[in-house]
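Just so we're on the same page: letters track the sequence lines, and every chain starts at 1.
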Amino acid sequence: MPGDPTQPSFDFGPELAGDRRRDPVPTVPPRPGAGRRRSPTGRASGTLRTPAVTSEVSSPVPDRPVRVVRVRPDVAGLDKCFDYLVPSELHGDVRVGSMVRISLHNRRVGGWVVAVGVEPPEGVALHPLAKVTGWGPPPELIEMADWAAWRWSGRVASLLRTASPETAVRGLPRSSARASMPTTVAVGDLTAMAEEALALPMSVLRLPPASDLYPVLVAAAALGPVLVIGPSARSMRHLGLRLRRAGGSVALMPRDWAVARGGAATVVGTRAAAWAPIPRPAAIVVLDEHDESLQQEQNPTWHARDVALERARRAGVPCVLVSPTPSLEALAAGPVLAPSRRVERAGWPRVDVIDTRELAASEARYSPRLVDVLRSDARVLCVLNRKGRSRLLSCAACGELAACERCQAAVSQDDDGSLRCARCGAVRPQVCLRCGGTRMKNLRAGVSRAREELEALAKRPVVELTADTEVDPSGVGSAVVVGTEAALHQLDAVDVVAFLDLDQELLAPRYRAAEEALSLIVRAARLVGGRDGHGRLLLQTRLPDHEVVRAAVLADPDRVATAELARRRLLAYPPVTALAVVSGPSAPLFVAGLVPPSGVEVLGPSDGSWLVRAPDSSTLADTLAAAPRPAGRLRIEVDPQRL
DNA sequence: CGGACAAGCTGA
DNA sequence: CAGCTTGTCCGG
């Protein structure tokens with residue numbers, strides 16, 4: 001296939017050829033809007049003399065080739081840029097974003113060209129670049145990395161690494177195919193909605209769990225080379241391949257980095273694809289925007305949604321956040337488009353709520369309704385978010401809770417029956433510390449224990465599926481599956497998902513518990529399908545009127561959003577405010593250097609960490625950036641998912 | 001981060 | 001005081 005971008009003929013792409021022909025200075029015109037928001041401040045500047053850079057770049061002198069470039073080294077713990085000479089034979093290969101090797105302090109290290117045509121500082125002997133490794137992120141992403149480092153109080157280099165190819169890219173594939181779709185399948189209402197969303201600068205598209213998102217992808221791809229991000233690698237790959245099969249030019253990240261950098265493909269990928277090197281996206285779409293895996297766990301804790309929003313804003317292109325249950329952050333960012341109530345309801349499954357308060361104690365854990373389902377031939381997944389045999393025990397004789405003799409934390413039961421403390425790791429035999437009794441009552445069964453009990457009730461095999469069990473999900477066959485939420489990721493489709501103890505999710509001591517619980521229900525809903533199928537969710541709870549339960553029953557995620565926003569206002573939690581958790585050995589020193597402006601509070605320490613609360617993320621970032629960074633280990637978690 | 005170099009410690 | 005450890009500084 002001649003135009004297939006996945007089988008490319010590699011050469012130096014049109015961009016490079018053009019540079020050679022027209023102008024030896026492959027400069028990037030400074031975008032007038034780049035400084036609109038408060039610019040990423042200070043730490044990165046080092047010897048930067050910005051005015052000189054700007055004037056150089058905006059009025060390139062043709063007969064003065066690139067002689068000096070500014071390079072950001074890929075060295076952890078060094079947040080500074082340095083200037084280097086470009087040997088004349090490398091002029092054509094060096095542009096903003098290029099990956100190079102430099103000698104720094106007698107070491108060879110990698111780095112990125114962040115500016116060209118730099119006025120070198122006086123009195124410093126410049127070294128030449130050691131090597132041009134290959135293509136790197138486009139200039140917009142070099143700027144985005146500065147912004148994100150400021151926004152999440154992190155290191156620029158770590159973000160540039162995310163935006164860079166895994167192996168050196170010497171040339172870009174010649175791409176003759178156009179990125180847009182040659183043919184469009186008739187897909188009805190969803191296409192119209194997606195087009196409506198794409199006509200707005202920013203919008204939230206609330207589509208129920210059972211929706212096929214392919215029409216959204218097609219509608220976006222019709223605009224040109226777009227960037228589409230979602231949490232699950234499998235489903236993003238699937239969507240991308242569908243588009244490719246229909247004739248679209250598709251780059252699957254991270255594998256097709258070079259194709260994406262070529263700029264003529266629809267770019268599809270997971271979280272890191274928010275940094276895909278597509279030079280001029282026509283739009284950015286984030287699927288399942290509510291999913292917490294779109295946020296990076298390690299520092300800097302950037303969120304793909306926020307990166308996408310900022311990228312789109314800077315490029316002046318539409319950004320669409322798609323989710324069955326948009327986060328409060330998304331709802332705060334723009335208008336919501338949703339299908340009719342009829343259509344939205346059809347895309348959520350039927351939900352049976354079992355009020356366990358009304359059941360006899362013996363039936364509360366496994367309700368008669370659940371037992372009926374277990375004894376049918378339906379494919380059933382039981383979700384219980386507790387691993388092991390038991391998480392909370394009490395003495396059968398005296399009722400004393402089983403606690404750790406060393407640190408008093410609640411202990412849980414190992415598979416061999418001994419009691420283990422999750423906090424300090426102490427292990428002791430199953431003996432009551434108060435009365436010496438040796439029989440324990442399970443107050444909360446873990447998955448292993450539940451498996452045994454369910455098998456007795458179901459009268460058919462029950463298999464356990466957690467993040468660390470080695471069961472091939474396809475080999476489960478007709479067995480009932482019991483597992484933690486990991487099972488919701490591993491299985492493809494079932495008839496019934498039963499939450500054995502939804503209250504554990506609803507009452508979890510985390511400020512996002514309600515959103516997280518609804519997110520789990522959405523996952524479950526995807527496994528059982530929409531209302532028109534025969535799939536069902538079964539929720540065992542003592543809180544049948546909780547807004548999460550009501551939202552699932554009524555297919556109305558807005559109930560959670562409304563209740564949750566009121567709570568966040570009351571407690572001054574995000575997105576009403578912006579938070580950062582500061583911890584680590586150097587935290588006391590860092591916190592001492594903070595100068596909180598009015599409206600910013602520093603709370604703590606509690607367990608060795610501080611909480612910084614600001615009215616908005618921009619103020620938070622400015623406050624954190626203004627404090628000196630002490631040496632030593634320091635963790636600054638901006639936008640923590642948990643507190 | 002990690003190399004360079006200086007200051008501090010140890011043992012004969 | 002050689003030989004080593006530990007700490008601080010700085011990179012173009």
Here the distance between atom P of C:dT8 and atom CG of A:Leu78, to the nearest Å, is 19 Å

Here the distance between atom P of B:dG3 and atom CZ of A:Arg108, to the nearest Å, is 15 Å

Per atom distances to the A:Asn106 side chain, the nearest of C:dG11, B:dA4, C:dG12 is B:dA4

Here the distance between atom P of C:dC10 and atom CZ of A:Arg629, to the nearest Å, is 20 Å

note: A:Asp74, atom CG; C:dG11, atom P; distance rounded to Å ~ 19 Å

Review point. Are A:Asp622 and A:Thr619 linked by a side-chain donor-acceptor pair shorter than 3.5 Å?
Key: no

| request: Could you verify whether a donor N or O on one side chain and an acceptor N or O on the other, from A:Asp639 and A:Trp152, lie under 3.5 Å apart? | output: yes

From CG of A:Asp83 across to C1' of C:dG11 the rounded distance in Å is 12 Å

note: A:Leu104, atom CG; C:dG11, atom P; distance rounded to Å ~ 9 Å

Between CG of A:Asp79 and P of C:dG11 the distance, given in whole Å, is 15 Å

To the nearest angstrom, the CD1-P distance between A:Ile102 and B:dC1 comes to 17 Å

- Task: With heavy atoms under 4.0 Å as the rule, sort A:Ala631 into base, sugar-phosphate or nothing.
- Result: nothing

Cut-off 3.5 Å, side chains only: do A:Asn299 and A:Thr301 have a donor facing an acceptor? no

- Query: Any chance the side chains of A:Glu515 and A:Ser327 put a donor and an acceptor closer than 3.5 Å?
  - Reply: no

